[in-house]
Amino acid sequence: MKKRRDYHLYENIIYLAKESWDYDRRILIFSLISIVTGIFLPLFQIYLPKAAVDLFVQRADLPQIAKTLGFAAGGFLVLQAVNGYVNGAKYFLYNDMRNVFLQKIFLTSVDCEYSEAENQRSLEMYQRAIDVTNQGDMGATSKFYQIVPGLITSVCCFFLYTGILSSLHIGVVLLLLLSSVATYWFQKKETAVYERTKDLFAKIQKKLHYCISCGSWAGKDIRVYHMQEWLKELMAKWQGEGNKIRGKRGRQEFYTHIMNCVLGFLRDSLAYVYLIAKTLQGEIGAGDFMLYFGAIVGFSDWIQQMVRQVSGLRTANVGINDLREYLEIPSEDLRSGEVKMPDYSEGVEIVFDHVTFFYAESTVPTIRDLSFTIRKEEHIALVGLNGAGKTTLIKLMIGFYRPTSGHIWINGVDMNRLGKRDVYALYTAVFQDVLIPPFMLDENIALMPKQQIARERVQEVLKKAGLWEEMEQRNITLDSYMTKLITDDGILLSGGQQQKIMLARALYKEAPVLLLDEPTAALDPLAEKEIYEKYEEFCGGRTAVFISHRLASTQFSNRIFFLKEGTVVEDGTHEELMERGGEYAKLYEVQSHYYNDGAKEGGEDDACYE
């Protein structure tokens, strides 16, 4: 993974501007209009009182006063209406941008190399990117859309007000600037305290939220093991640690607020005294007094706004860098490959040739100098204790990971020289985690848009999987939604039915190699036996690799590989391995003992499984 690049503030402004233009250019158009109206509105506010006083001093007649002030007030109201409309419209548009970035995060997570998707650092980057988009108006993207137009408005007004006050005396401008520099210094200290405590506070909040969420999913354990008091103590502890950080931040915020008040009072008092003296000396008129009075108040406000806006952008810039760091993870190159996929119309042979594999953050190999051959249309069972490397072996076989050393050959061609899309096309797989998205039944089987689905084939594979009659009995059609995540009338399936959905999905793809990574681990032995018998029935003509922790389910395989510490220590049929009396036979006898005990206590059903 390449080293993170932290972009400058202006680079991220340009980046968000381009993203906004691509999504909906009205965001930028409305932002520009809000800047223009934001500049003219305060000018109306300071010139309108001057105009009113000047008319009064000049003893203008009522029609002239009404005409002048009416025109000015009308222009002010129009500007306010336009400003309010574009800011409201812009708000909904840049809120939509959060969904745009969420989609980009999703696409990055599914388009990147699988090794990146599982990497711990990538997972942390993913969480930071998600946090950026899930903080609502306080999120980094929203802050940029809110603050940048405001900052441009503040800078423009700063220069306009500087020009107005410079005509009074340059010393007034310098006084206001010096006080603003001091205000910025105190604001910077406040931001520094926040930045220093940000990561620690996030970790504390994560622990606290975990404890709070326990009540929704661990209620049984909490009650049975009387965990309530322990969890309360933990929550109180982490709440206390969080409050300490809040207190530290609050104290700095209080100091900053007090100093800003003191500086603001001194600054405005000196400016007002000078302004009153100039008026009493007759150097400026009553109308100019109102103009300069409003300009001094406005100038101070613009300076303070600029300080807050710059500080807010600096904080938000960190979030945008977090977002871009994740979005810039390279996509997986699916099309490139030095050679074409060899012909596999007569089957697929897979050879592991002295393969060793280390995970990125591990110093111990998960797969160790592993060599074996899976012949065409052969059915292989991978067995072994937890941590033996079975699932990692499957990931290497599919091409999710590349060997640290050694080679994997597919019909005599090094897999590293083949395009990823071609390699993925070889496999249909059923993993431990059952994927039943809240889509229609036919979409769940084909896993593709509805208009591309061969519905007759969906019905055919559901029949083969032994699920069609069950669906008909429950009045479930191909257009019925699965699960209740997005529809109240969605269909809930039992564990066995879910596995039949997985079987139908595997049959629908018609890939030449079938991989099963303990898909039936959550089922009882009888249900598992039924599912594996169905897989065996429809595996004809395919190369198949099964992983199971229940050794009795592997007997229909042509060969069994017993893995230990990342390498095959025993290889043969069930009968051959039992005759050798090695580790496979010992483990089988242990499991068989439990099955037999279960048979004696539970009856014939358990005995049938073995």
- Under the 3.5 angstrom rule, does the side chain of Lys484 hit a backbone N or O of Gly490 as a donor-acceptor pair? yes

- CG (Leu266) and SG (Cys261) are apart, to the nearest 0.5 Å, by 11.0 Å

- When rounded to the nearest 0.5 Å, the distance separating OH of Tyr292 from OH of Tyr274 is 9.5 Å

- Message: Could you check whether any side-chain heavy atom of Ser405 comes within less than 4.5 Å of a side-chain heavy atom of Phe357, counting everything from C-beta outward?
- Response: no

- Note on the structure: Smallest heavy-atom separation, Thr363 atom then Phe358 atom, equals O-CE2, 3.3 Å

- Separation between CG of Leu275 and CD1 of Ile296, rounded to the nearest 0.5 Å: 5.0 Å

- Task: Compare every heavy atom of Trp238 with every heavy atom of Leu208, then report the nearest pair and how far apart it is.
- Result: N-CE3, 3.9 Å

- Item | Heavy-atom neighbours of Asp433 CG exceed 12 at 6.0 Å | no

- Item | Glu229 with Lys232: basic N within carboxylate O range, under 4.0 Å | yes

- Report yes or no: do Glu19 and Tyr23 form a side-chain donor-acceptor pair below 3.5 Å? no

- Mind listing the closest non-hydrogen atom pair of Ala89 and Phe30 along with its distance? CB-CE1, 3.5 Å

- Count the heavy atoms belonging to other residues, nucleotides or ligands that lie under 6.0 Å from CE of Met448, then report whether that count exceeds 12. yes

- Task: Decide side-chain contact (heavy atoms from CB on, under 4.5 Å) for Ile367 and Thr356; before the verdict, give the C-alpha distance in whole Å, the side-chain angles of both, and the deciding distance to 0.1 Å.
- Result: CA-CA 5 Å; Ile367 299 297; Thr356 295; 5.9 Å; no

- I would like to know whether Glu241 and Lys237 meet side-chain contact (heavy atoms from CB on, under 4.5 Å); could you show each step before the answer? CA-CA 6 Å; Glu241 292 178 1; Lys237 173 188 174 183; 3.4 Å; yes

- Side-chain heavy-atom pair Arg324, Arg5 within 4.5 angstrom cut-off: no

- Please check if the side chain of Ser122 supplies one atom and the backbone of Glu116 the other of a donor-acceptor pair under 3.5 Å. yes

- Item | For the student: nearest non-hydrogen atoms of Leu435 and Asn444, plus distance | O-OD1, 4.2 Å

- Message: For the residue pair Arg246 and Phe201, would you count it as a cation-pi contact if the rule is NZ or CZ under 6.0 angstrom from the ring centre and within 45 degrees of the ring axis?
- Response: no

- Between Tyr481 and Phe439, does the ring centre distance come in under 6.0 Å? no

- Please tell me if the side chains of Gln205 and Lys207 come closer than 4.5 Å, counting only heavy atoms from C-beta onward. no

- Is there side-chain contact between Phe400 and Leu396, with heavy atoms separated by less than 4.5 Å? no

- Note on the structure: Minimal heavy-atom distance between Ile35 and Pro149, with the atoms involved, is CG1-O, 3.6 Å

- Under the side-chain contact (heavy atoms from CB on, under 4.5 Å) test, residues paired with Ile13 that sit two or more places apart: Leu9, Phe144, Val148

- State the CD1-CG distance between Ile27 and Leu32, to the nearest 0.5 angstrom. 14.0 Å

- Item | Spatial distance of atom CE (Met227) from atom SG (Cys211) [nearest 0.5 Å] | 8.0 Å

- Item | salt_bridge(Asp333, Lys420) N-O dist < 4.0 Å | no

- Thr141/Ile320 under side-chain contact (heavy atoms from CB on, under 4.5 Å): CA gap, chis, key distance, verdict: CA-CA 7 Å; Thr141 56; Ile320 299 299; 3.8 Å; yes

- Message: Would you say that Phe76 contacts Gln45 through its side chain, given a criterion of any heavy-atom pair below 4.5 Å between the two side chains?
- Response: yes

- Task: Quick one: pull up CG in Asp6 and CG in Asn317 and give me the separation to the nearest 0.5 Å.
- Result: 8.0 Å

- Query: Going through the checks in order, is the side chain to side chain donor-acceptor pair (under 3.5 Å) test met by Tyr194 and Glu190?
  - Reply: CA-CA 7 Å; Tyr194 175 84; Glu190 180 183 323; over 6 Å; no

- Would you tell me whether Thr392 and Tyr359 have side-chain atoms, one donor and one acceptor, within less than 3.5 Å of each other? yes

- Does the side chain of Asn95 pick up a donor-acceptor pair with the side chain of Tyr145 at under 3.5 Å? no

- Look at the side chain of Glu11 and the backbone N and O of His8, then say whether any donor-acceptor pair between them is shorter than 3.5 Å. yes

- Does Tyr401 OH have over 12 foreign heavy atoms under 6.0 Å away? yes

- Scanning both residues in full, the closest heavy-atom pair of Phe44 with Pro49 reads O-CD, 4.3 Å

- Message: Under 4.0 Å between a side-chain nitrogen and a carboxylate oxygen: does that hold for Arg128 and Glu325?
- Response: yes

- For residues Arg98 and Ser142, is any side-chain donor paired with an opposing acceptor at under 3.5 Å? yes

- Query: Taking atom types as modelled and ignoring hydrogens, do the side chains of Tyr91 and Gln146 form a donor-acceptor contact shorter than 3.5 angstrom?
  - Reply: no

- Report yes or no: does Ser34 contribute a side-chain atom to a donor-acceptor pair with the main-chain N or O of Ser31 at less than 3.5 Å? yes

- Query: Applying side-chain hydrogen bond (donor to acceptor under 3.5 Å, both in side chains), which residue pairs with at least one partner in residues 74-89 are found, sequence neighbours left out?
  - Reply: Thr37-Asn83, Asn83-Asn87

- For residues Arg249 and Thr197, is any side-chain donor paired with an opposing acceptor at under 3.5 Å? yes

- Close aromatic pair by centroid cut-off 6.0 Å: Tyr7 and Tyr15: no

- Task: Dump the intermediate steps for ring-ring contact (aromatic ring centres under 6.0 Å, His included) on Phe299 and Phe158, then the final yes or no.
- Result: CA-CA 6 Å; Phe299 188 89; Phe158 166 78; 5.3 Å; yes

- Item | Test item: side-chain donor near acceptor, Asp131 and Gln127, under 3.5 Å | yes

- Query: Should we count NZ of Lys206 as having more than 12 external heavy atoms under 6.0 Å?
  - Reply: no

- Taking atom types as modelled, is there a side-chain donor on Glu332 or Tyr424 under 3.5 Å from an acceptor on the other? yes

- Task: Give me the ring orientation class for Phe293 and Tyr272: parallel if the planes are under 30° apart, tilted from 30 to 60°, perpendicular past 60°.
- Result: parallel

- Query: Just by modelled atom types, is the Ser331 backbone N or O under 3.5 Å from a matching donor or acceptor in the Asp111 side chain?
  - Reply: no

- Pairwise side-chain contact, Thr153 with Cys157, heavy-atom cut-off 4.5 Å (strictly under): yes

- Query: Where the side chain of Arg314 meets the backbone of Val310, is there a donor-acceptor pair that is under 3.5 Å apart?
  - Reply: no

- Message: Taking the side chain as everything from C-beta on, heavy atoms only, tell me whether Asp96 gets closer than 4.5 Å to Asn99.
- Response: yes

- Message: Do Met482 and Pro437 make a side-chain contact, defined as non-hydrogen atoms from C-beta onward lying under 4.5 Å apart?
- Response: no

- Candidate pair Glu443 and Met440, rule side-chain contact (heavy atoms from CB on, under 4.5 Å), full reasoning: CA-CA 5 Å; Glu443 294 170 326; Met440 293 183 182; 3.5 Å; yes

